[in-house]
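Notes to accompany the following structure.
Counting from 1, the numbers follow the sequence of the chain as shown.
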Amino acid sequence: LRNLERSKSLRWLLMGGAAVLLIVNLVFGTIGFGAKNWLQIGGFSFQPSELVKVAFIWVGAATLDELFQKKNLWIFMGFSAFCFGCLGLMGDFGTAIIFFVTFLIISFLRSGDFSKLILIVGVAAAGGFMILRFKPYLAQRFATWGHAWDPEIMDAAGFQQTRTMSAAASGGLIGSGPAEGWLNQVPAADTDMVFGMLIEEWGLIIAVLAVLSIVTLAVFAVGSIMAGRSTYYTIAACGAMSMFVFQTILNVFGCVDILPFTGVTFPFVSNGGTSMMVSWALLAFLKAADTREQASLAVKGGARG
């Protein structure tokens with residue numbers, strides 16, 4: 001990221017690599033928790049869709065940096081549509097929603113045109129209703145939303161959420177202590193339901209601070225809009241942080257039944273090697289936007305580009 005032109009030129013390589021990863025995942029991927037988003041190589045497993053997040057931000061920022069070339073918008077739109085389609089075929093709709101919201105934010109930073117975004121959202125909503133019709137298990141998640149405690153649901157579709165909320169309530173302000181909780185016996189407790197596990201073992205205070213940490217990073221990214229030395233770094237920082245923030249919202253609110261449960265991870269908190277590596281990789285975009293003297297490898301010797 002130190003060299004702007006090199007970063008922009010790498011977008012084609014990253015776009016091609018991301019496309020190959022998604023296609024390989026579709027062909028050879030294994031199903032885990034309802035989505036075909038895992039690749040197994042020997043005893044090693046990883047999620048290609050997580051790695052594609054870095055490419056998505058990189059391509060979006062590098063493609064849209066050249067503001068007056070309309071073809072760049074179509075390149076990113078085509079790449080985005082390909083990613084959405086692959087994620088939909090995998091059944092990984094939580095990640096697809098995160099990608100879509102990030103796409104909207106990057107597109108708005110590019111054009112500042114709300115009318116186009118409204119049209120895109122309308123088309124996406126129509127597509128979403130079609131998906132719900134042909135994917136009954138997704139419709140069931142929406143049916144569970146707001147009704148997790150209903151007697152006929154709480155031990156079936158609402159099993160994870162009711163247990164997560166019960167465990168969170170038992171944690172109080174300071175928690176029961178590391179590894180002293182019982183929620184870890186519930187499937188996906190340390191990944192998709194980790195917010196409840198965090199409250200149970202570490203307490204509400206630590207859980208709220210974890211959320212505020214993500215918000216703080218987002219505030220810094222917004223500040224880069226005014227101080228950014230290039231639209232590339234500004235768009236990349238805001239895109240990466242919007243991905244963080246929305247993913248956190250889906251995880252936290254999904255755990256407590258404020259939003260439908262989508263099965264996405266909490267950045268830096270959920271268990272998972274691929275998720276953790278990608279979270280750190282996305283921070284590089286935020287760091288590159290830091291224009292303070294000696295604060296970033298992207299700024300050398302006082303030069304401001």
Side-chain angles (χ1 to χ4, degrees), residues 1-29 37-41 44-90 92 95-96 98-100 102-107 109-110 221 224 228-244 247 267 273-290 296-300 305:
L1 293 175
R2 285 184 291 180
N3 186 304
L4 180 59
E5 293 305 316
R6 182 175 59 198
S7 296
K8 289 165 63 176
S9 65
L10 283 174
R11 68 182 184 267
W12 298 109
L13 178 62
L14 289 170
M15 193 185 303
V20 170
L21 271 176
L22 291 174
I23 292 172
V24 170
N25 194 165
L26 281 172
V27 177
F28 300 105
N37 59 354
W38 291 89
L39 275 180
Q40 299 278 349
I41 302 177
F44 177 74
S45 63
F46 68 99
Q47 287 182 282
S49 59
E50 287 290 319
L51 299 175
V52 173
K53 287 179 180 178
V54 178
F56 191 79
I57 298 296
W58 197 308
V59 171
T63 303
L64 302 181
D65 180 62
E66 299 169 10
L67 297 177
F68 299 105
Q69 295 187 26
K70 292 184 178 180
K71 67 177 183 180
N72 290 319
L73 179 60
W74 290 106
I75 292 171
F76 183 51
M77 287 181 66
F79 178 61
S80 300
F82 175 80
C83 291
F84 300 154
C86 289
L87 291 169
L89 291 173
M90 293 175 198
D92 192 358
T95 303
I98 294 169
F99 271 58
F100 181 69
T102 305
F103 167 78
L104 292 179
I105 291 173
I106 291 177
S107 298
L109 289 171
R110 158 65 175 86
S224 74
R229 58 201 178 87
S230 165
T231 52
Y232 169 78
Y233 294 108
T234 296
I235 292 173
C238 290
M241 289 307 105
S242 65
M243 190 171 280
F244 271 145
Q247 185 170 330
T274 314
S275 176
M276 182 62 73
M277 288 190 296
V278 169
S279 294
W280 282 106
L282 290 175
L283 277 186
F285 294 115
L286 182 63
K287 190 62 177 173
D290 192 344
S296 174
L297 290 174
V299 180
K300 300 181 67 176

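- Annotation: the span from Asn25 atom CG to Leu51 atom CG amounts to 10.0 Å, rounded to 0.5 Å.
- Considering Met276, Met243, Gln247 in turn, Gln247 is the only one that fulfils the side chain to side chain contact (heavy atoms under 4.5 Å, CB included) rule with Pro267.
- In this structure, CD1 in Ile23 is found 6.0 Å from SG in Cys86, a value given to the nearest 0.5 Å.
- When all heavy atoms are compared, the tightest approach of Ala240 to Ile57 is N-CD1, 3.6 Å.
- Side-chain contact check for Lys53 and Gln47: no donor-acceptor pair (N or O, by modelled atom type) lies under 3.5 Å.
- Contact detail for Val59 and Met15: the closest heavy-atom pair is CG1-CE, 3.5 Å.
- By the 4.5 Å heavy-atom criterion applied to side chains, Leu22 and Cys83 are counted as neighbours.
- In terms of modelled atom types and a separation under 3.5 Å, the side chain of Ser242 and the main chain of Gly239 share a donor-acceptor contact.
- Take Phe46 and apply the ring pair (Phe, Tyr, Trp, His ring centres under 6.0 Å) test, not counting sequence neighbours, and it matches Phe44.
- Contact between Ser279 and Phe244 at its shortest, heavy atoms only, is O-CZ, 3.2 Å.
- No side-chain heavy atom of Phe99 sits under 4.5 Å from any side-chain heavy atom of Ser49.
- A distance of 6.0 Å separates CD1 of Ile41 from CG of Leu39, quoted to the nearest 0.5 Å.
- Note: Phe84 and Phe100 have perpendicular aromatic rings, judged against thresholds of 30 and 60 degrees for the angle between ring planes.
- Between Trp58 and Tyr232, the ring planes are perpendicular. Angles over 60° get that label, and only those under 30° would be called parallel.
- Taking 4.5 Å as the limit, some side-chain heavy atom of Met77 sits within range of a side-chain heavy atom of Phe103.
- Side-chain atoms of Met241 and Leu283, non-hydrogen and from C-beta on, do get closer than 4.5 Å to each other.
- With rounding to the nearest 0.5 Å, the separation of CG in Leu21 from CG in Leu26 is 11.0 Å.
- The nearest pair of heavy atoms linking Ala237 to Ala221 is O-CB, 3.8 Å.
- Taking the six-membered ring for Trp and the full ring otherwise, the centers of Phe56 and Phe76 sit less than 6.0 Å from each other.
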